[in-house]
Structure formats: C-alpha cells, structure tokens
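Before any comments, here is the structure.
Throughout, a chain's letter reflects where its sequence line sits, starting with A, and its residues are numbered from 1. On a predicted model such as this, the values are computed, not experimentally measured, just so you know.
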Number of protein chains: 2
Amino acid sequence: MSDTMFNELRTTRIYEKIVLQIRHLIKEGKLKPNDRLPAERDLAKTLGCSRTSLREACRVLESEGLIVSKPGGGRFIQKVDERVPVNVHFNPVDVLEKSAVMHFIEAREALEPSIAAFASERAEEKDIKKMEAALKAMEEKLKNPDEKVDADSNFHLALAEATQNFVFVSLMETNLSMYRPVRKQTLQSEERYEQSLQEHRAILNAVKRKDTQAAVDAMNVHLHHIRENVLKERD
Amino acid sequence: MSDTMFNELRTTRIYEKIVLQIRHLIKEGKLKPNDRLPAERDLAKTLGCSRTSLREACRVLESEGLIVSKPGGGRFIQKVDERVPVNVHFNPVDVLEKSAVMHFIEAREALEPSIAAFASERAEEKDIKKMEAALKAMEEKLKNPDEKVDADSNFHLALAEATQNFVFVSLMETNLSMYRPVRKQTLQSEERYEQSLQEHRAILNAVKRKDTQAAVDAMNVHLHHIRENVLKERD
DNA sequence: TTTATAAATTGGACTGTCCAATAGCCCAAC
DNA sequence: GTTGGGCTATTGGACAGTCCAATTTATAAA
C-alpha cells in the first residue's frame, strides 16, 4: 500500500476561504490598488462570518503585503510595488542596499535562459499574444515609471507562462516583484529602456521562430545588459 | 526636499511581535519540528496577551506552513520539508498527478547547476560542515523514508546556502518541499538511494576543492539520474 | 491486556465591550 | 483663502467570555 494512496483531509478554516476569496479578487483586478475594503464590521456581515474570522484573514493578507490596515482609516489594497510582507526577514531597504540586488539577478541568470529555451519549444498561440501585448505596451513610450516596470514584468511573466510550467511562473513572479524598486530605477533611463525594448523583441522573435538557441542567446544578452546596468548604478 | 526624508511610522501590532518571536524560536532551534506549542489559553497567558491576538499570529504562521493546528490536539511545529503554505495556489494532489512532477525537475535543472557553481566559489566553513552533516545523516542508512528525504533535502539546502544568496535558498526551499511526496517515493529504492549518496559525495568534494566545473558536472549527473528515475516510476 | 466509555483538553468560532487612531466637518483666527 | 483647533462618527486593535466539535487522556469494563 502506498503512502500517497490516501489524501490527508483538511478542514478548511473560515479565514482560509476569506483569504482565497480576497486574493482572487485582487488577482482578477476586481480589487485595485488603493481600493478600500468595506469596514470590518460591514464586510463580516456581508461575508456572513464573525469579525474575528475576518480579522484572522486580514492578518494573513497583511503579513503577505497584499493589504495594509490603518486604525481609524480602514484597510487598503497595496500597490504592487509596495507589497512588502510585514514579517519579512530582510528589511526592504536592505533589498536596495548592499549586494542583495545582485542576488536577484543571479537567480534570473539561472532561471531565464532555461525559461527562454522551454518557451521557444512550447509557446502556444495565446502565450505569443500575451508577449506581443506586453511588447506593444512597452513601445507606447509610457511616461509613468510604474507602467514601464509593469510592461517589462508582463513580458517576462508571459514568457514564463509559455513554458507551460507553473513552477517557472511562480518563481519568476516572486523574483520580479521582490526587487521591483530597483528595476523601476534602472528602467528610468530613456536609452536603457529603448535598448531593453529591442532585446525583448529579439527574444520574442526567436520564440516565434521556435529557434531555441537564438532565444537563449537573446535572453543572455538581455541579462548581461541588466547586470551591467545595475553595476553602473551602484557606483 | 526628498520624499524619503521622513519615515512612515507604523505601530507594531501584537500579533506581529508574536509571529517574530515564534519564528525566531523555530529558527534558533528552540522549537523543533513536531514540538507542540503550549495550549492556546496557556500561551496567551504566558505572553500576556489575549487569545485573539495569539490566534491571529498562529494564522499567519500557519499560512506560512511553519505550524499546523489540530483541533483538539494542539499546534505543532512543521517539519522543514512539510512547510507547505496553507493558501498555496495549486492543489498538492495535482503535484503528484499529471506532468507536474517534471515541472519541478525542470526548475531544479535550471537552478541547481548554477547553485553548484556559486557554492563552489563561495562556500564557507560552516556551509561545508552543514553539507557534511547532511551526508553523514544519509550514510547512516536511515530506515524511515521521511528521514531519507529530510537528509537529502538538507544537503541541497545547505548547498543553496553556500551560495550566500538568499534568493537561491528560498527558491530551493519552495521547490523541494513542493514535490516531497514524489521524492519520498523515488528514494525508497535501496540502490537508487545508494547511488544518490555517491552523487552527493561527488558534489561535496568538488565544492570543497572549489572546482566549479566539476561541481556543475556532478550536479548535472545527479539531476539526470533524478529525471531518469522519475520517468521510470511513471511507466 | 485489550477494548469501550466518560471526562478533560484543545482549537474553531462567535458575541459584545472598550479603547485609540483617523477622517470629516465646522468654525475661529489670520 | 488658508491654516489650525476642536468636535464627532467611524474604524481597526485588543480583550473577555461563551459555546461547540474534535481529540486526547483517563477510567472502567471485558
């Protein structure tokens, strides 16, 4: 008899359901950054649960950095680049300082060439379309630094999704959001942004041609420039 | 005047302090896996807080996979390998079914050669010791499948720590714990376990010699065998 | 020794209460 | 027209107490 024959049955707590629901609403865009959640007492009534259970759910979302609670004010959906977990082990300032930035880049250098390779082999029509949309967004010379980073992120996430491997998607999601402040800074330069755009185009073309080697090469060039740029900033 | 001149002042909630404290105790080893936390009512009294605040803290720790709550039983520190966040987006059952297992392996194949390379360049004395300890644990021919997986995980985590890059550590932690059930199954075979042991030894030796190429090669051999073994199991 | 049963323990959930911080408003001072 | 003080309703923070269900432990019976 196998250990994995039976599934451990876990009773779902109320707070878990609430967490799932609110997180889903955020992901779907139904709850946008800076939106205010209904007052604790009201929302609890709406959900048909006690204040206690709702609060437990809010604590989890808060600790994940998805919402912030302001006594007397209310609860608000966090902006994407301010989603710093409350109980995170390292200070957000540390992410900007020291060598922490390089850590994220090293991880990308390990992950993204493989992602580019798998994407070129497995990309489906919908993935290509997502990547093209992200590229188009980048080409529209966005003025807002936040929009720039978003467009850039969306491209790399779409590429990860094209691998049809959810592990890569999840790893890239984590990585990209973590050092977003830095990326915001480096993408500000007009010429760097233009260069980055061209590199993305090269990657997409290689993926469309299903040319694995070209995709990996283009990604390596891109990563190399990212590293160069960060090193330049740090002087 | 700079935006960053003033720091936003945030009042620390009670639950946050509790989370920090318990997480610290776990990290320090004062609270070991399978240890039972004092009963909710008792611990609240000890901490000098209400049951509510303690519960909020436990929800966060629970959602992070650090503890599990058993109604009627108590709260227990989770084993390292079973620290699967409660609100994770994909079902653990799905991890076993379908092609999901290969996804984790693909991610490891992308990450671990790089990890081996960085580890061989940056490993410190304490990292080497940790890896040696994990190897010794493996050599002790453990009977319990859980202990086997633990020893195996500890080796790979120690290797990740040797990169001195917390991003790699965090990525490996997630990956290893996710498809633990499968690894438990594949490591059951006595001969596969023996082989795996030798491969780990080869990796460690290369790291100790600071021979980057050898470390990467040894890791690739290891990953190749893992892939082979999983493919065999699935027939 | 084993098994069935009862009692104590423990987490899950809810209600109601009190407090402190905040937002919104009006108004006086300049 | 702007600033700052003061009042009030709102909102999150925290707590105590209650009830329930699952689990463990102790107890009694076979």
Within less than 4.0 Å of OP1 or OP2 of C:dT10, is there a side-chain N or O belonging to B:S69? no
Nearest-nucleotide check on DNA chain C, B:T52 vs B:L37; residue mapping nearer the 5' end is B:L37
To the side chain of A:R59, which of D:dA14, C:dT10, C:dA13 is closest? D:dA14
Can you check whether A:V149's main-chain N or O pairs, donor with acceptor, with A:S153's side chain at less than 3.5 Å? yes
Please tell me if B:R36 has a side-chain N or O lying less than 4.0 Å from either OP1 or OP2 of C:dT10. yes
Determine, stepwise, if the pair A:R41 / A:K45 fulfils side chain to side chain contact (heavy atoms under 4.5 Å, CB included). CA-CA 6 Å; A:R41 293 164 176 81; A:K45 186 165 287 184; over 6 Å; no
Between A:R13 (CZ) and C:dG11 (C1'), how many Å, whole number? 8 Å
Taken to the nearest whole Å, NZ/B:K45 to P/C:dT9 is 13 Å
When the distance from CD of A:E56 to C1' of D:dG12 is rounded to whole Å, what number comes out? 15 Å
What residues, two or more places apart in sequence or in another chain, satisfy side-chain hydrogen bond (donor to acceptor under 3.5 Å, both in side chains) together with A:R51? A:E40
Tell me the interatomic distance from B:E62, atom CD, to C:dA13, atom P, rounded to whole angstroms. 10 Å
Given atom CG of B:D42 and atom P of C:dA8, what is their separation to the nearest angstrom? 17 Å
So the salt bridge (Lys or Arg N to Asp or Glu O under 4.0 Å) pairs with at least one residue in residues 152-164 of chain A (sequence neighbours excluded) are A:K130-A:E161, A:D152-A:R183
What orientation do B:H200 and B:H156 show, parallel under 30°, tilted 30 to 60°, or perpendicular over 60°? perpendicular
Donor-acceptor contact present, side-chain B:N229 to main-chain B:I226, <3.5 Å: no
Run the numbers on A:V19 and A:L61 for side chain to side chain contact (heavy atoms under 4.5 Å, CB included), then give the verdict. CA-CA 7 Å; A:V19 167; A:L61 292 168; 4.0 Å; yes
Give each protein N/O atom lying under 3.5 Å from an N/O atom of nucleotides 18-25 of chain C, with the pair distance.
unit_1	atom_1	unit_2	atom_2	d
C:dT22	O4'	A:P71	O	3.2

Give one of base, sugar-phosphate or nothing for B:C49, where a contact means two heavy atoms less than 4.0 Å apart. sugar-phosphate
Quick one: A:R55 CZ to D:dC15 P, roughly how many Å, whole number? 10 Å
B:R75 CZ - C:dT9 P separation (whole Å): 18 Å
Just how far, in rounded Å, is C1' of C:dC14 from CD of B:E40? 14 Å
